[in-house]
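I have placed the structure first, in the form of structure tokens, so that the comments after it can refer back to it.
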2 protein chains.
Amino acid sequence: MLTENGGSVPSRPPALREQRLVQTREQRQRLDVDCNSCAMAQLCALGPCDAQPCERPNRAVHGVRTVRRGQSLYRAGDSFQSVYAVRAGSFKRVVMHRDGLEQLTGFDIAGDMLGIDGISTGTHACDAIALEDSSVCVMPFVLLQSLCREIKEIQHRVHQMLAAEIVRESSQMLLLGAMMAEERVAVFLVDLSERWQARGYSACSFTLKMTRREIGSYLGLKLETVSRMITKLQKDGLIAVNGKDIRILDPDTLRNITAADRQ
Amino acid sequence: MLTENGGSVPSRPPALREQRLVQTREQRQRLDVDCNSCAMAQLCALGPCDAQPCERPNRAVHGVRTVRRGQSLYRAGDSFQSVYAVRAGSFKRVVMHRDGLEQLTGFDIAGDMLGIDGISTGTHACDAIALEDSSVCVMPFVLLQSLCREIKEIQHRVHQMLAAEIVRESSQMLLLGAMMAEERVAVFLVDLSERWQARGYSACSFTLKMTRREIGSYLGLKLETVSRMITKLQKDGLIAVNGKDIRILDPDTLRNITAADRQ
DNA sequence: CGGGTGCTTGAATAGCGTCAACTCTGGTGG
DNA sequence: CCACCAGAGTTGACGCTATTCAAGCACCCG
């Protein structure tokens, strides 16, 4: 099954041969993958493990794959072989339904893991689409599993990674099920801010890689509502907005936005 | 930290001593736990593994614990030691927020796993509260982990279990973010129906263990809205309702409820 | 028998979605 | 270089859905 495909284009089979070629070329890149010198090591599931001098992680990394903006790393229904660590760029994960109902379930940036939705059934449950030209480390799951059986600490990290995703989704359910529109947008911005900060970037100034529509799909809102709430936060002096550039002016107040009355 | 406590009562320390005693008594029950004769074996993470004659699973099960209706199996903030397999009864999982905002993130019935929200941080991220008198198998996580390193198949099952929860939560995000009230209730009933069926019970007739308010919290709706939608489904002849007793009359139509127009 | 809880139903309201107009930007091709 | 177009974003007016508030019934338990 094809794993590479246009993201925004609805028609699937425009140039099958060429896409196949692109995929092969990408997967052939084996470059200089060295986990010990990776900038994302601290965040990666295979990051520095204190117990060992650690040439080990490299063993699980099969290579690097690049994905261009709008193309998919994998699609729902693709057979599951590997998980991926984002080296550079960013992705969105989208779950679909019959009759065009769709939901953006997550944004992944450098240091995040992708593909774990395929573990349970052996088939990916969502599409992972690059928001910009991106690259990932490919980790065949069978290799990762055997590494888990050998090295206790890596086993623990993988379990933590899976469980962390469960907790993250729980708070997203809280957001979707119980928060008002303004609160959702505020939480979204604070969350992004903290994630950039954890990666060594500025917490108060960053660029959105996604459109208003994508933010809306993630937050359970329409794009117009997202736009209105962003405007409102700006009018209230909590953020400064210029298109996709966001500056957070008052993080404390932003963090404390709640529905005014709540018993 | 206390792990046993009243569920519906807001005041925490009414009878600390007694609750501590209750907990100890419960944890002492070691009874006749035998995974090979367990009715839930097919659904359990430690269920029958074809590779081995399997006296092994028993090794990870430390004992049985009973939890009375309204009491908690664990609470957010409790230190994480074990995961649990529900033997009998049912639980709700609740995540909380400052200022009283809360969201029900899941219902767990016989065969489901509980407690995995504690793996990532070593501290439970939600409350697990019994909806009726219930009992669980206690599996200390360190035992489960070492079993994973020994037996490939159990490792695979545990990974599948964790990943399945991720996928399940993704579809709940789809529900919360993109579905109308009627659709949410319909999906909820179909899901419950299928889960009872997977456990050998009737798919078309079952009893809700939870209140309308709890269903509402799970679906991101108010209890009045849940009530109205249930009434509507009944008027449309898709289900028959008598309080908490539900009969599904037209599963196919129920499964196909969508927002009428969706481009 | 009284009081609490759960559930249903109605009427009014608020919040978000829908529709539409308009601007701005980036990319394409003449 | 400019005309053109498609997509992204903003804003306003209006409508609909779900919430809020309120009343009333059924049930359980002390």
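All values below were derived from every heavy atom in this structure, side-chain atoms included, with hydrogens, water molecules and symmetry-related copies excluded. Labels below follow one simple rule: chain letters A, B, ... track the order of the sequence lines, proteins then strands, and each chain is numbered from 1.
A 6.0 Å sphere centred on CZ of B/R213 holds no more than 12 heavy atoms belonging to other residues, nucleotides or ligands.
For A/M180 and D/dT17, the CE to P distance is 18 Å, given to the nearest whole Å. Remark: P of D/dG9 and NZ of A/K209 are 14 Å apart, rounded to the nearest angstrom. In this structure, B/M179 atom CE and C/dC16 atom C1' are separated by 19 Å, rounded to whole Å. Atom NZ of A/K222 and atom C1' of D/dA8 are 16 Å apart (whole Å). When the C1' atom of D/dG9 is taken as reference, atom CG of A/L221 falls 16 Å away, rounded to whole Å. In this structure, CZ of B/R184 is placed 13 Å from C1' of D/dT19, rounded to the nearest angstrom. If you take CE of A/M229 and P of D/dT10, they are 13 Å apart, rounded to a whole angstrom. Note: NZ (A/K232) to C1' (D/dT10) measures 17 Å, nearest angstrom.
Salt bridge A/E194/A/R255: present, at least one basic N to carboxylate O contact under 4.0 Å. Salt-bridge check for B/K244 with B/E132: failed, with every basic side-chain N at 4.0 Å or more from each acidic carboxylate O. Ion pairing between a basic and an acidic side chain is recognised when a charged N comes within 4.0 Å of a carboxylate O; A/R199 and A/D112 show such pairing. Note on A/R75 versus A/D127: salt bridge recorded, some NZ/NE/NH1/NH2 to OD/OE distance being below 4.0 Å.
The aromatic rings of A/F107 and A/Y218 sit perpendicular, their planes meeting at an angle over 60°, well past the 30° parallel limit. The aromatic rings of A/Y201 and A/W196 sit perpendicular to each other, their planes meeting at more than 60°, with 30° as the lower class boundary.
Residues A/F91 and A/Y84 form no side-chain contact, since every pair of their non-hydrogen atoms from C-beta on lies 4.5 Å or further apart. Between A/L175 and A/Q172 the shortest side-chain heavy-atom distance falls below 4.5 Å.
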task: Quick one: the dot-bracket string of DNA chain C, using Watson-Crick and G-U wobble pairs with both distances under 3.5 Å, [ ] for crossing pairs and | for bases paired to another strand.
output: ||||||||||||||||||||||||||||||
Nucleotide N/O of nucleotides 6-12 of chain C paired with protein N/O under 3.5 Å:
residue : atom : partner : partner atom : Å
C/dC7   : OP1  : B/K244  : NZ           : 2.6
C/dC7   : OP2  : B/R212  : N            : 2.7
C/dT8   : OP1  : B/R212  : NH2          : 3.2
C/dT8   : OP2  : B/R212  : NE           : 2.9
C/dT8   : OP2  : B/S227  : OG           : 2.8
C/dT8   : O5'  : B/S227  : OG           : 3.1
C/dT9   : OP2  : B/T231  : OG1          : 2.8
C/dG10  : N7   : B/R228  : NH1          : 3.0
C/dG10  : O6   : B/R228  : NH2          : 3.2

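Residue A/G220 is in sugar-phosphate contact alone, with no base atom involved, counting any heavy-atom pair closer than 4.0 Å across all strands shown.
The shortest non-hydrogen separation linking B/D108 to B/M113 is OD1-O, 3.9 Å.
In this structure, the side chain of A/Q103 engages the main chain of A/S217 through a donor-acceptor pair within 3.5 Å.
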message: Please encode protein proximity along nucleotides 25-30 of chain D as a string of B, S and -, counting only heavy-atom distances under 4.0 Å.
response: ------
